[in-house]
Amino acid sequence: MTPEIRAKYEVVIGLEVHAQMLTKTKAYSNDVNEFGAIPNTNVSPITLGHPGTLPKMNKKTIEYAIRLGIACGCDITENQNFDRKNYFYPDLPKGYQITQDHTPICKNGQIYIKDEKEGEKPIKLTRIHMEEDAGKSMHDVDLYDTLVDLNRAGVPLLEIVSEPDMRTSQEAYDYLMEVRKLVRYLDICDGNMEEGSMRCDANISVMLVGSKEFGTKVEVKNMNSMRNVQKAIEFEIERQIEMVENNETIYMETRSYDALKNITIGMRSKEAANDYRFFPEPDLQPITVLLADIEIIRAEMPELPRDLFIKYTSNYGLSDYDAYNLTDSREIALFYEKVISFTKNYKSAANWVMGDVKSHLNQNGLEISEFPIAAGQLAELIKIVDEGKVSSTVASKKVFPEMLKSNEKSPLQIAEALNLIQDSNEDSILTFIEDVIKQHPDEVERYRNGEKQLIGFLMGQLMRASKGKADPKAANQLMHQTLEKL
Ligand code: ADP
Ligand code: MG
C-alpha cells in the first residue's frame, strides 16, 4: 500500500482485555486456582455445574475488581447481580458462564498511556466486569482429538472494555503495557500474556480522515503477546483499507490471528452472532457495595505507577525517561523507594538502580527480590561517592562487585580494606606531584614550552603513582598550579 493511500485513512481501535485474577480459589467454588496443574485435577462438581450444586461468591474477586476500578477512576456500581451467558462448547461444562451483563462492577474511568505531544493521553473505559473463565480446549496436543482441561473453568476474570479511543497499533500496545503494569502493581493478576493469564481481543475499524462516523469493526482474537496484538492490528489496517479502496464491504466479524503467517483469518461473522440468552443467575445473591467498603479498599491501595511517575518528575527532578523506567515494574519502583528513604541524591539512586543494579539482575536472570545488596547499603555507597571518598568509577567497578559477594562489610569498610579510599589530602598529592616532576623532566620542560596536552601524560603518571587513589579533581588542580609555579 502506498503511503498516500494509507494517509487517507484513520484507524479506530478498542480493546477488550481479560485478566485472570490471582485468587487462591476459583470464582464460585473452592477449587484451587493455579496455572500449570495436572489437567483436570482442580475440578469439583460445582465447577462442572452438576445438579444440586450451588456456586458461592469468592469475596476476593470483588475486592480485586474494586481495586482496579479505584485505580482507573471508575464509578463503582452499588447494586450488582450476576447473569448467565449461555452457549454450548466442549470446554464449558455448565453450558453457561456466570458474568455481569447489565451491572458491571465498574463503569467509566480511564487508563493513561504515554503520548509524545501531550505527555499522556487518557483511554476511556466503558466498563470492567467480573466473570468466570471457560476450560481450555487443546487442539495441538493429541494427533487426532481435541483435549479439554477444565482446571481453568471457573477461574475468576476481570474483563476490561475500552472505548474506541486508540488510533494506532502503538497506542494499543502502550495501552496493554499500562493495563499490565496496573494489574501487577495492584497484585490482582500476573499479567502474563504468554500463559494466557492476560488476554486481549482487538476491535479495529478504518474510516476516511475527518469522517464523523466510525467504520465497521472487526474483532481479532487469539493473540498471546503484546507484539502480536500490534502486528495483528497492523495487518488488519492494511487488509481493511485495501477492501475499502476496492469498494468491498467490511462485515462485522470475528477473526483469528495466525502468528506464524502473521495474518488474520475469518472465524465467524457477527450476522450469525450467538444469542447468549442472558438471564439473571438464580443461584447467586445480588451484591451491594457500600461506600464504606470502597473506602476500606482505597485505604489499602499501593502507590500507583502514574502517581510515582509524577512524584519522581515533579518532586525529585528526574527526567521522564528515568521516571518511566523506574516505575515500569512495581518491584523496581519499591526498591528505588527504599533507596531514597536513605539518601536524598535521587538522581544518583536512579542511575544505580537502572544501571548497575538492573544489569546485574539481567545478567544473572534474577528478580529484584533476589538482589543481594540492601537498599540502605546502596545508599551508603552513594554517600561515600558524594563525600569524595571513592570515585564513581571505583564505586561501580570495585566496591559494588564486592558488595554483591558479601554483605558483611559496609561500602566504606570494603573501600578501606581494598585500599581504595581516594586521597584528597593536598600534602600527600603534592608529594606525588613532586615525584612525577622529578622523574619526567623532559615532559615538564616541553609542557612549559607550550605542549599543554602533556598534562594528560603527567596526570596519568600521578594517578599511577598514587595507585588510582588521588582524587582526580583535586590532583588536576594542584598539578596545574605546581606546573605554573615552576
Ligand atoms: P460487541 O458487542 O461486539 O462486543 P461493543 O460495542 O461492546 O461490541 O464493543 C466492543 C469493543 O469494540 C469495545 O472495546 C469498543 O471500544 C470497540 N469498538 C466499538 N466500535 C468500534 C469501531 N467502530 N471500531 C473499533 N472499535 C470499536
Ligand atoms: Mg465483544
Side-chain angles (χ1 to χ4, degrees), residues 8-19 68-69 72 74 77 83 85-87 97 99-113 121-131 134 157-180 182 198-223 226 229-230 232-244 248-257 264 266-278:
K8 280 163 60 183
Y9 292 89
E10 191 167 2
V11 177
V12 174
I13 303 162
L15 299 183
E16 295 163 273
V17 173
H18 284 92
L68 184 58
C72 300
C74 302
T77 308
D83 301 282
K85 178 180 178 178
N86 302 280
Y87 63 94
Q97 266 175 304
T99 182
Q100 296 188 299
D101 189 27
H102 292 299
T103 54
I105 185 159
C106 308
K107 281 191 223 154
N108 307 319
Q110 68 283 311
I111 285 176
Y112 291 92
I113 60 173
K121 167 179 171 174
I123 305 297
K124 291 190 292 302
L125 300 181
T126 315
R127 56 188 278 154
I128 302 173
H129 65 260
M130 301 183 284
E131 58 182 29
L157 294 177
L158 285 172
E159 178 168 344
I160 307 153
V161 182
S162 87
E163 288 286 295
D165 280 355
M166 287 155 272
R167 293 292 172 270
T168 62
S169 66
Q170 182 65 45
E171 286 190 354
Y173 180 88
D174 292 343
Y175 171 82
L176 284 175
M177 286 282 280
E178 292 305 324
V179 173
R180 186 174 71 176
L182 262 185
M198 197 173 113
R199 305 193 289 273
C200 169
D201 302 338
N203 299 271
I204 305 137
S205 66
V206 298
M207 61 182 179
L208 286 171
V209 171
S211 165
K212 292 223 167 52
E213 216 171 294
F214 290 170
T216 305
K217 77 177 159 92
V218 165
E219 184 179 16
V220 183
K221 291 183 178 292
N222 282 335
M223 296 157 297
M226 296 200 216
V229 174
Q230 196 176 5
I233 292 173
E234 281 303 319
F235 177 85
E236 265 309 299
I237 294 172
E238 295 241 337
R239 191 186 67 85
Q240 292 183 21
I241 292 178
E242 265 164 32
M243 283 182 75
V244 178
E248 289 171 65
T249 311
I250 295 173
Y251 293 101
M252 286 247 262
E253 65 171 338
T254 302
R255 299 178 71 85
S256 168
Y257 179 64
T264 65
M267 277 165 73
R268 54 178 184 263
S269 86
K270 284 258 173 179
E271 302 294 290
N274 280 316
D275 180 355
Y276 293 119
R277 309 238 162 185
F278 283 100

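Just so you know, ligand 1 is whichever comes first in the structure, and atom 1 is the first atom listed for that ligand. No hydrogens, no waters, no symmetry mates; every other heavy atom, side chains included, goes into these values. Computed from a predicted model, the values in this text were never measured in an experiment. The first residue in the sequence is number 1, and the count goes up from there.
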Which ligand 1 atoms are under 4.0 Å away from a heavy-atom of V12? 24 (N), 25 (C)
Can you name the atoms of ligand 1, numbered from 1 with element, that are less than 4.0 Å from a heavy atom of G215? 23 (N)
For R127, all residues meeting side chain to side chain contact (heavy atoms under 4.5 Å, CB included), sequence neighbours excluded: P104, H129, V161
Exercise: do Q170 and Q230 side chains pair donor with acceptor under 3.5 Å: yes
Among E219, K217, E16, the residue with a heavy atom nearest to atom 1 (P) of ligand 1 is K217
Within 45° of the six-membered ring axis of F278 and under 6.0 Å from that ring's centre, is NZ or CZ of K85 located there? no
Considering the heavy atoms of E163, write down every atom of ligand 1 situated less than 4.0 Å from one of them. 16 (O)
Heavy-atom contacts with V161 under 4.0 Å: which atoms of ligand 1 show up? List them by number with element. 13 (C), 14 (O)
Contact partition for L15 relative to ligand 1, non-hydrogen atoms under 4.0 Å: backbone
Any salt bridge linking K121 with E171? Criterion: basic side-chain nitrogen under 4.0 Å from a carboxylate oxygen. yes
If we ignore angles and hydrogens, is there a donor and acceptor under 3.5 Å between the side chains of T99 and D83? no
Which is closest to atom 17 (C) of ligand 1 by heavy-atom distance: I123, I160, I13, N203? N203
Do Q97 and Y87 have side-chain atoms, one donor and one acceptor, less than 3.5 Å apart? yes
